[in-house]
Asker: 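Can you keep this structure in mind? I'll have questions shortly.
To find a chain, count down the sequence lines: A is the first, B the second, and so on, and within it residues start at 1. All values derive from a computational prediction rather than experimental measurement.
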Amino acid sequence: MEFQHEAIFCIVNDGYSDAVMDAAKKHGARGGTVISARGTAPKDAEKFFGITVQPEKEIVMILVPSACKEDIMHALYKEVGLESEGQGIAFALPVDSVVGLTNNDNK
Amino acid sequence: MRLRNILRIPKKEKTPSSDFKKLKLLVTVINRGKTEFFIDLIESFGVNLQTSVNAQGTAKSETLSLLGLEEADKSVIFSVIPEDKAEELMRAIDERFQKLRGGKGIAFTIPLSSVIGVALYRFLSDNRAGN
């Protein structure tokens, strides 16, 4: 089944949603929605990998045309990926049908 | 020898696929003031499970903010809907997006692959006949 759009969910540390949007907009995203959240991580994993997981998170949800998805995911990985201060992860879900996108070039 | 004609093994009763409704996750992003309205609208289609969370929009439109029309406070409503209601529901939501003042938003559906629990599945697909 061909999907025209995908929903990208990017989970980053609090305060990095702007960085997420900047990266995404460079590759075709128009806007996103930011939800506040709290992350959890097992203590021994933190010790083993030598990182501290900040609990306060933001989830940025961005709806994009499938054609842009790959570029945006790569940009997110580079700008706000796990190795950056944003400590972000991103995943994309297929989207069946969309209403409400008013733009002409989004068909 | 035509054994096949003598031994007629009846085909196993197949459960008609029409009884099995696929489920989708409907995500609706709207201005916070319209949350109740859209929850009621979606519920009127026999949708039993909805969760709404507060959120902030990031889309900036210079023109809009110049006019002071930018509303950043949003609500995201997650609803589980049966596949057969999806098209009708999306159309109704789109209609409100266009007609309702301050009602503009975005809605999309994500196919769900699995649900655990028969009672939960019946609840989600609003199956009152108890099939």
Side-chain angles (χ1 to χ4, degrees), chain A residues 1-12 14-38 56-66 69 72 76 80 86 88 91-104 106-107, chain B residues 22-32 34 38 41-42 51-62 64-65 70-78 80-100 103-113:
Chain A
M1 216 198 294
E2 278 299 309
F3 292 111
Q4 297 275 359
H5 288 87
E6 313 240 354
I8 296 180
F9 286 75
C10 186
I11 307 177
V12 288
D14 207 5
Y16 288 86
S17 54
D18 285 333
V20 172
M21 284 317 299
D22 288 341
K25 277 188 176 161
K26 281 196 209 132
H27 295 269
R30 282 170 60 214
T33 305
V34 180
I35 303 175
S36 294
R38 200 191 54 186
E56 296 305 317
K57 301 280 182 193
E58 289 180 318
I59 303 178
V60 188
M61 197 170 63
I62 315 172
L63 192 62
V64 300
S66 300
K69 184 202 71 172
I72 294 180
L76 290 179
V80 289
F91 55 88
L93 299 179
V95 164
D96 266 342
S97 59
V98 184
V99 294
L101 287 178
T102 50
N103 206 356
N104 334 328
N106 266 338
K107 254 309 149 147
Chain B
K22 283 206 181 146
L23 297 175
K24 295 190 192 226
L25 181 70
L26 170 69
V27 183
T28 313
V29 182
I30 42 171
N31 292 331
R32 211 174 281 180
K34 298 286 178 287
F38 278 94
L41 170 69
I42 297 171
T51 305
S52 87
V53 298
N54 291 339
Q56 291 254 301
T58 64
K60 286 198 222 321
S61 159
E62 268 105 55
L64 277 182
S65 37
E70 197 62 48
E71 218 196 291
D73 280 350
K74 306 275 177 190
S75 267
V76 180
I77 306 175
F78 294 96
V80 180
I81 66 174
E83 181 181 56
D84 54 2
K85 299 262 173 72
E87 211 184 307
E88 206 189 327
L89 183 45
M90 291 290 266
R91 252 183 273 136
I93 292 176
D94 196 19
E95 199 189 313
R96 299 308 188 289
F97 281 169
Q98 291 168 21
K99 293 196 181 154
L100 197 62
K104 212 156 66 91
I106 289 186
F108 55 90
T109 60
I110 296 175
L112 288 183
S113 62

Asker: Which of the residues B:Ile106, B:Thr109, B:Val29 is involved in the greatest number of heavy-atom pairs with chain A at under 4.5 angstrom?
Answerer: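 Highest number of pairs under 4.5 Å: B:Thr109.
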
Asker: Based on non-hydrogen pairs under 4.5 Å, which of B:Val76, B:Thr28, B:Leu25 is most in contact with chain A?
Answerer: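 It is B:Val76.
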
Asker: For B:Lys24, check salt bridge (charged side-chain N to carboxylate O under 4.0 Å, His left out) against everything at least two apart and list the hits.
Answerer: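 Listed in chain order: A:Asp96.
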
Asker: Which one of A:Ile11, A:Val60, A:Val20 satisfies the side chain to side chain contact (heavy atoms under 4.5 Å, CB included) criterion with A:Val80?
Answerer: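 Per the side chain to side chain contact (heavy atoms under 4.5 Å, CB included) rule, the option paired with A:Val80 is A:Val20, out of A:Ile11, A:Val60, A:Val20.
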
Asker: So which of B:Glu87, B:Gln56, B:Arg91, B:Lys104 has the biggest tally of heavy-atom pairs under 4.5 Å with chain A?
Answerer: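 Between B:Glu87, B:Gln56, B:Arg91, B:Lys104, the count favours B:Gln56.
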
Asker: Mind checking side-chain contact (heavy atoms from CB on, under 4.5 Å) for A:Asp22 and listing every partner two or more places apart, or none if nothing turns up?
Answerer: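 Once residues adjacent in sequence are excluded, A:Asp22 has no partner under the side-chain contact (heavy atoms from CB on, under 4.5 Å) criterion.
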
Asker: Of the backbone (N, CA, C, O) and the side chain (C-beta and beyond), which part of A:Leu63 lies under 4.5 Å from a heavy atom of chain B, both, or neither?
Answerer: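 For A:Leu63, the contact with chain B is made by the side chain alone.
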
Asker: Sort A:Leu93 into side chain, backbone, both or neither according to what part of it lies under 4.5 angstrom from a heavy atom of chain B.
Answerer: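 Only the side chain of A:Leu93 comes within 4.5 Å of chain B.
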
Asker: Decide yes or no on side chain to side chain contact (heavy atoms under 4.5 Å, CB included) for B:Met90 and B:Leu26, but give the supporting numbers first.
Answerer: CA-CA 9 Å; B:Met90 291 290 266; B:Leu26 170 69; 3.7 Å; yes

Asker: In terms of the angle between their ring planes, are B:Phe97 and B:Phe38 parallel, tilted or perpendicular, with boundaries placed at 30° and 60°?
Answerer: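 Answer is tilted, since the angle falls between 30° and 60°.
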
